[in-house]
Asks: 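Sharing a structure below in structure tokens format, with a few things to ask.
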Amino acid sequence: MSLTNSGSIDSAVAASLAEYDGNRNLGDLQEAGDLAARYDGELLTDPVEAHARGAQRLANWAAIFARFKRDLDPAFDPEEPPLIRIAPPGPEGQKYMPGVDPKFVKDPVLREKYIEAIAKNRELIRAYSFLSKLNDLHEVILEKAEDSVADAVESLGLEPEEIVAILQSADLRPSDQQALIAAANREAN
Amino acid sequence: MYTMPANGGAGISSGRRLGKGLSGSRRATGTMMENREACLAWINDIFGLDLEGAPQEARVGAGSAALGAQPVSFLGRGKKKKTGGDDAGGTDIDDTGSKGGKPPKDVTLKLTSETEAKQPSPRNRTKLGVGERVTLKLKPLSGDWVVAGGGSVNPAKGSKVVFTAPGAPGTCTVTVTAAGKTEQITFTVIGPSTVSMERRKIRHDAVGYPNAGFVARIFVGPDDVNFCKIGITEDDCPCVCTGYWADFNGIGHGANPDAVGLEQKVEKGMGTRMVGQDNIWSGYIDTRKLDDWTGTQTFNIPWNYSCDGNSARFTTVVHQVTTDAKGTSRATKGGASSGDCKLK
């Protein structure tokens, strides 16, 4: 899957996305969204320049939403999060309170299993937290992108049909594609 | 099973700076229209307004700004005029077709704010949780933005910027200057103060000894701001036990050193929902049968929040199990309860 759009992405957006690709730090993805929206509302006198800027804006959003397509888990369920504390495993472990310090678990075998289980649960929570935050960020950035795409029509003069063509050729989640296409047609509606 | 990202799923810093990687020659934002006269002609064409002839009386006082020789970003998001047949896609600004004349002298600045988090409403609220992000828009000009009292605004120039509240409570004033006029907005930033729980599932095991518990969603309040940018940790604390539970006395509720984040969801009367569920469970002691099971186990758990380098203890959450003489037990935490769990 190509996550870049052949040279038309803003270099600052591309840099933030490259960092995100390397470390999955959501701050970098958030920053890419901020950067992609920073010229919203600007007007350019030169139609050719305006068109180029609009096309770059679309490329920026396409690149950002390609990351969401790659990283969002369709099976993620915010209503079924992991437990933040667990009890030692097995029937014997249920005699203890969840989150009990392992040093209070008398049986050394059970204690070791508990320490392992805590480490696994910690990883589960981290992974779940990442997806939870990614989902929330997706909601925020989608709203930004919808405004930005609508503005590309309004301020930069891109034709909705052209935007639709760009978005349809981009590797996006269908729901994102539809939302952005709807934004492109906002003025017409 | 979710796949763990390479860096352990680091959250989003609330204090990131926009503009990294911008080349020095690139304008941070703002209108690129260079020809004022062309813009006036454009306004006349599109809106039918002859701004050059606007009467002095029509110029508003407070919140208005002399346009002077500023860039013509007052055009803002003007409606696009269809040209038909030309696929260049640019706005219909005739930068060679100036009608000449004088520029408008005044323009009214309008500053609006909208929280990034959709909850709680209204999104133009000026009371924020620590680290919350707010989109600020200035119309119809682009301006220079500064913030006093903490937090940051990025980029520092533009018509649309993001204000990030500081990691510590306080009062922050964002000022935008355009065409010699200023507009301000003041935010009150608060930290968390409450923890509430909502029971999802009761737990009661038929083991012949008293026990009680429940699984709960956790909310951090108050509910009139969003705390999605904070992380929560619990400190270690020993259990204080009496009666039947005395064997657990001094057993530690281990510290939870990894900060657990919060979602953007805010529930009325509760607060911002935490990622993850709490697992409240009494355990049980199966070493002896008693005629009188009366006893209590109590944890007074210190809760801390962290945000953008700031951290503070904000409350103590009481986790308690009470058992009566017949062995009926009830677990409570954060305002939620297991209900009565009879000995079975």
Side-chain angles (χ1 to χ4, degrees), chain A residues 11-12 15-16 23-27 30-31 34-35 37-48 50-51 54 73 78 81-87 94-101 104 122-123 125-133 136-137 139-140 151 153-159 162, chain B residues 2-13 16 18 20-22 28-35 38 73 75-77 79-80 87-91 93 95 116 154-155 158-160 162 205 215 228 236 251-254 256 258 260-261 263-264 275-279 281-284 286:
Chain A
S11 60
S16 288
N23 58 25
R24 292 297 192 277
N25 184 329
L26 291 172
Q30 174 181 274
E31 184 162 277
D34 287 349
L35 289 166
R38 73 192 185 284
Y39 296 121
D40 288 4
E42 74 174 2
L43 294 168
L44 299 171
T45 53
D46 180 356
V48 174
H51 183 269
D73 181 350
L83 299 170
I84 58 174
R85 290 183 181 277
I86 56 171
Q94 301 315 300
K95 295 176 184 173
Y96 295 92
M97 300 89 95
V100 63
D101 192 316
F104 293 105
R122 197 167 283 164
E123 288 304 309
I125 291 168
R126 282 185 191 162
Y128 182 91
S129 296
F130 173 79
L131 288 175
S132 175
K133 291 286 184 187
D136 283 348
L137 184 59
E139 186 178 326
V140 168
D151 181 71
V153 176
E154 201 172 334
S155 297
L156 298 177
L158 260 66
E159 295 295 338
E162 184 183 5
Chain B
Y2 302 102
T3 306
M4 188 58 209
N7 76 333
I12 307 171
S13 162
R16 297 186 65 83
L18 184 60
K20 174 188 61 180
L22 288 176
T29 187
T31 292
M32 304 299 159
M33 192 175 287
E34 307 295 346
N35 187 329
S73 57
L75 291 170
R77 297 166 68 167
K79 288 183 180 175
K80 191 183 105 178
D87 63 357
T91 48
I93 299 163
D95 62 356
E116 280 195 351
N154 290 296
S159 57
K160 181 179 174 184
V162 175
D205 289 3
V215 171
C228 66
D236 189 13
I251 285 185
H253 182 285
N256 199 358
D258 291 345
V260 179
E263 303 173 354
Q264 287 190 135
V275 171
Q277 301 185 95
D278 205 354
N279 187 11
W281 170 239
S282 62
Y284 59 91
D286 61 355

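So that the names make sense, note that chain A is the first sequence line, chain B the second, and so on, each numbered from 1. Below, each value reflects all heavy atoms present in this structure, side chains not excepted, and no hydrogens, waters or symmetry copies.
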Asks: Run the side chain to side chain contact (heavy atoms under 4.5 Å, CB included) test on Lys95(A) and Tyr284(B) for me, step by step, so that the C-alpha distance in whole Å, both residues' side-chain angles and the decisive distance to 0.1 Å come before the verdict.
Replies: CA-CA 5 Å; Lys95(A) 295 176 184 173; Tyr284(B) 59 91; 3.6 Å; yes

Asks: Counting heavy-atom pairs closer than 4.5 Å to chain B, which one of Asp101(A), Ile125(A), Asp136(A) comes out on top?
Replies: Asp136(A)

Asks: Ignoring hydrogens, what is the shortest heavy-atom contact between Trp281(B) and Tyr96(A)? Give both atom names and the distance.
Replies: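 Scanning both residues, the minimum pair turns out to be CD1-O, 3.4 Å.
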
Asks: Tell me if a side-chain donor or acceptor on Asn279(B) pairs with a main-chain N or O of Ile86(A) at a distance below 3.5 Å.
Replies: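 Flag not set: sc Asn279(B) to bb Ile86(A) has no pair under 3.5 Å.
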
Asks: To check you understand the geometry: which heavy-atom pair defines the closest contact between Gln277(B) and Pro81(A), and what is its length?
Replies: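 That closest heavy-atom pairing would be NE2-O, 3.0 Å.
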
Asks: So, for Val162(B) and Asp34(A), which heavy atoms are closest and what is the spacing to 0.1 Å?
Replies: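 Taking every non-hydrogen atom into account, CG2-OD1, 4.0 Å.
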
Asks: Looking at every non-hydrogen atom in both residues, tell me the closest pair between Gly276(B) and Ile84(A) and how far apart they are.
Replies: CA-CG2, 3.9 Å

Asks: Could you tell me which portion of Phe104(A) (side chain, backbone, both or neither) has an atom closer than 4.5 angstrom to a non-hydrogen atom of chain B?
Replies: side chain

Asks: About how many Å separate CG of Asp286(B) and CD of Gln94(A), when rounded to the nearest 0.5 Å?
Replies: 12.5 Å

Asks: Calculate, to the nearest 0.5 Å, the distance between atoms CD and NZ belonging to Gln264(B) and Lys133(A) respectively.
Replies: 7.5 Å

Asks: Checking Asp258(B) against chain A: side chain, backbone, both or neither under 4.5 Å from a heavy atom?
Replies: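 Just the side chain, heavy atoms under 4.5 Å.
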
